[in-house]
Amino acid sequence: MPPSIQALTHTYFRHNKRFPHVWCPGCGNGIVMGALLRAITRLELEKDEVVLASGIGCSGRMPTYLDFNTLHTTHGRALTFATGIKLANPALDVVAIMGDGDATAIGGNHLIHAARRNLNLTAIIINNSIYGMTGGQYSPTTPFGSTTTTSVYGHIEHAFSIAELAVTAGASFVARSTVYHAALADQLIEQAMMKPGFAVVEIISNCHVQYGRRNKLGNAVDMLNAFKEQAVTVKKGSTMEEDELRDKITIGVLADRDLPVSTDEYKRIREQARSKREGK
Amino acid sequence: MTEAKRKRCLLQGNEAIVQGALAARCRFFAGYPITPASEIAEQLSVQLPAVNGTFIQMEDEIASIGAVIGASLAGVKGMTATSGPGFSLMQENLGFACAAEVPCVIVNVMRGGPSTGLPTSPAQGDVQMARWGTHGDHPVIVLAVSSVLDCFTITVKAFNLAERYRVPVIILSDEVVAHTRESVELPLNSEVKVVDRIAPAMPPDWYKPYQEDARGVPPMASFGDGYRHHVTGLVHDQDGFPTQNPQEVEKFHLRLSMKITKGLSDIQLTRKFHMDDAELFVVAYGSVARSAMRAVEDARKAGIKAGLLQLITLFPFPRRILTPYLQQCHSVLVPELNLGQISREVQRVNQGQCAVVKLNRVDGRLITPHEIYNRLVKLSAG
């Protein structure tokens, strides 16, 4: 039995934080937060061992509400701060929480280099295809043809696939879920946090207020149901033609590979530097 | 055990910054290569791992200072080093460090600007950017180095100020200081006074990360040591949570300023040469201060009562140290490798008391002692 919402709330919410939170009713961010907390519960991590770092945007507020070591950084830079924390204290479990604009527009360079560098970090990227907090402008994951406040004539650019970008950039572990598949999301986060090396979990989420409304996708429930319809597993997807896959969301583990982890490799550098200094 | 002895060594300014950082117990460096600051990264990549520290070359300067702030929040003293264009990129996260009160040190080895400018030529064009580069209204601490020994001692001082006041501290060097080799005798590590941040003494439940106290600098817990708290670049209350309450917002701003104002006598560093009986004097910093010192010596030999007030702290601008001399002297000469970024400050403080004369060069060349001497002769003749 997974822990009840009430148990998670009592254990992990900050009692001294002045609620309510900033998210709209029905926002997928809450589902991702629940998934993260269930993963942490199952991993039996101490609160003091966990650091949550976020960027700017709706998703950026998540750490504020949770009783861990939490950090709300500048827009797009969560992974850079996370890198410093992890290198300074490798015993900490560092999780960066980002939105799609945060992680792939302003933070795109940091994302690909974090993947290439392969520190032992976890990145959770909540992808709702829009800049929600600033009023619904198009992001690097807004689909071609969509309407947003900065593409009222229809979007003419093409969207990134965040997970595939992370695979290509060299992350050790890459997975994707949607907020409809909440149980899968928390399993994937758990796997990502256990995986040595840089791990990315992309979670497709709903912004029915900014994205859904303008594109006539209905309310939060309608959008979640659409995710259910669109989702195909990695296994099933591998048997489908490119045309069939166009409007689908592939969910599951996209990459899981064992690569040297630079957080561990640096220990070797220290030994070398010390023995050189001591003239051995 | 035999006592260690000081050694004389031939060092570049950049190398002395490395030694100063290590002596101040800096154990983290993140940076991105740029001329004329690269030697700092190169040497720390060799030396930091040997003392159980960490070096990382990041993908850009924005990432570099982000990583330094992260390391500092996890309890490790960190530094980055760059030059003008990289310093421009760092401004965003520099502001974060000010708002969230994260100690760290940023070295800017100035080169000609704007933009890519003159990568291998000296300049002092980043003085006002160091003061006002990041958005919003907040104090900063900016120190300038003029010699290889300075590079060591001022770097130690920068770390100590950063830790004591929980602020980022900017060291302005320039291409001449960075690449000039001088024979120096560095103090032993045991002789270097090192300041560490004050850790909270109360139980974790009682800890308020931004609580106001008499000093204005709250104790700082590190991630992982049991004091779970929230850090943000948003204006926050004493618990660290975002606030828009006007009283809390004002309190936030006033405390950031107040903690620096309270420490002015500790922060504002200057050097004086022949100032006691000076009738005219030079205000200079960085490599120009070296030329100025020679010029003042020559002027004294020629019977001119000239003095030099060398600024080590550029900001907060040391007006209380400068003011008496503005009353005492008939003129002050401000030579700079820019079009007048500190002379503007001198003029502001002067309020018409004595003549403020500028001497500027922006052609990528040094200001020589002779140029300053000639101006002193002219000024003394009235």
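In what follows, every chain begins at residue 1, and chains take the letters A, B, ... in the order their sequences are listed.
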Looking at [options], which has the largest count of heavy-atom pairs under 4.5 Å with chain A?
options	answer
B/V68, B/D225, B/L48, B/L234	B/L234
B/S72, B/P204, B/G78, B/G224	B/G224
B/A30, B/P49, B/G95	B/P49

Quick check for you: to the nearest 0.5 Å, what is the distance between [X] atom [atom1] and [Y] atom [atom2]?
X	Y	atom1	atom2	result
A/E271	B/N52	CD	CG	10.0 Å
B/F223	A/L71	CZ	CG	5.0 Å
B/I65	A/T80	CD1	OG1	9.5 Å
A/L52	B/H230	CG	NE2	10.0 Å

### Query
Do A/H113 and B/M58 come within less than 4.5 Å of each other through their side chains, counting heavy atoms only?
no
### Message
Are B/I56 and A/Y266 packed together at the side-chain level, in the sense that at least one heavy-atom pair is separated by less than 4.5 angstrom?
### Response
no
### Task
Fit a plane to each ring of B/F96 and A/F81, take the angle between them on a 0 to 90° scale, and name the class: parallel (under 30°), tilted (30 to 60°) or perpendicular (over 60°).
perpendicular
### Query
Listed by chain and number, what are the salt bridge (charged side-chain N to carboxylate O under 4.0 Å, His left out) partners of A/D48, not counting sequence neighbours?
B/R228
Most contacts with chain B, counted as non-hydrogen pairs under 4.5 angstrom, among [options]:
options	answer
A/T64, A/T73, A/I56, A/T83	A/T64
A/V51, A/T70, A/N109, A/L66	A/T70
A/K47, A/R117, A/R274	A/R117
A/I269, A/I112, A/D67	A/D67

### Query
With only heavy atoms counted, which part of B/A63 is less than 4.5 Å from chain A, the side chain, the backbone, both or neither?
both
### Message
Strictly less than 4.5 Å between heavy atoms, which residues of residues 86-97 of chain A line up against chain B? Please order them by number.
### Response
A/L87, A/A88, A/N89, A/L92
### Task
Name all residues meeting the side-chain hydrogen bond (donor to acceptor under 3.5 Å, both in side chains) criterion together with B/Q43; count only those two or more places apart in sequence or in a different chain, and write none if there are none.
B/E15
Side chains of residues 82-92 of chain B: which donor-acceptor partners sit under 3.5 Å, not counting sequence neighbours?
unit_1, atom_1, unit_2, atom_2, d
B/S83, OG, B/V109, O, 2.6
B/S88, OG, B/G84, O, 3.4
B/Q91, OE1, B/T134, N, 3.1
B/Q91, NE2, B/F87, O, 3.1
B/E92, OE1, A/R77, NE, 2.9

### Task
Verify side-chain contact (heavy atoms from CB on, under 4.5 Å) between A/H110 and B/I62, making sure each step is shown before the conclusion.
CA-CA 9 Å; A/H110 306 312; B/I62 303 171; 4.2 Å; yes
#### Entry: Structural part of A/R61 lying under 4.5 Å from a heavy atom of chain B
side chain
#### Entry: Distance-minimising heavy-atom pair for B/A50 and A/R277
CB-CD, 4.0 Å
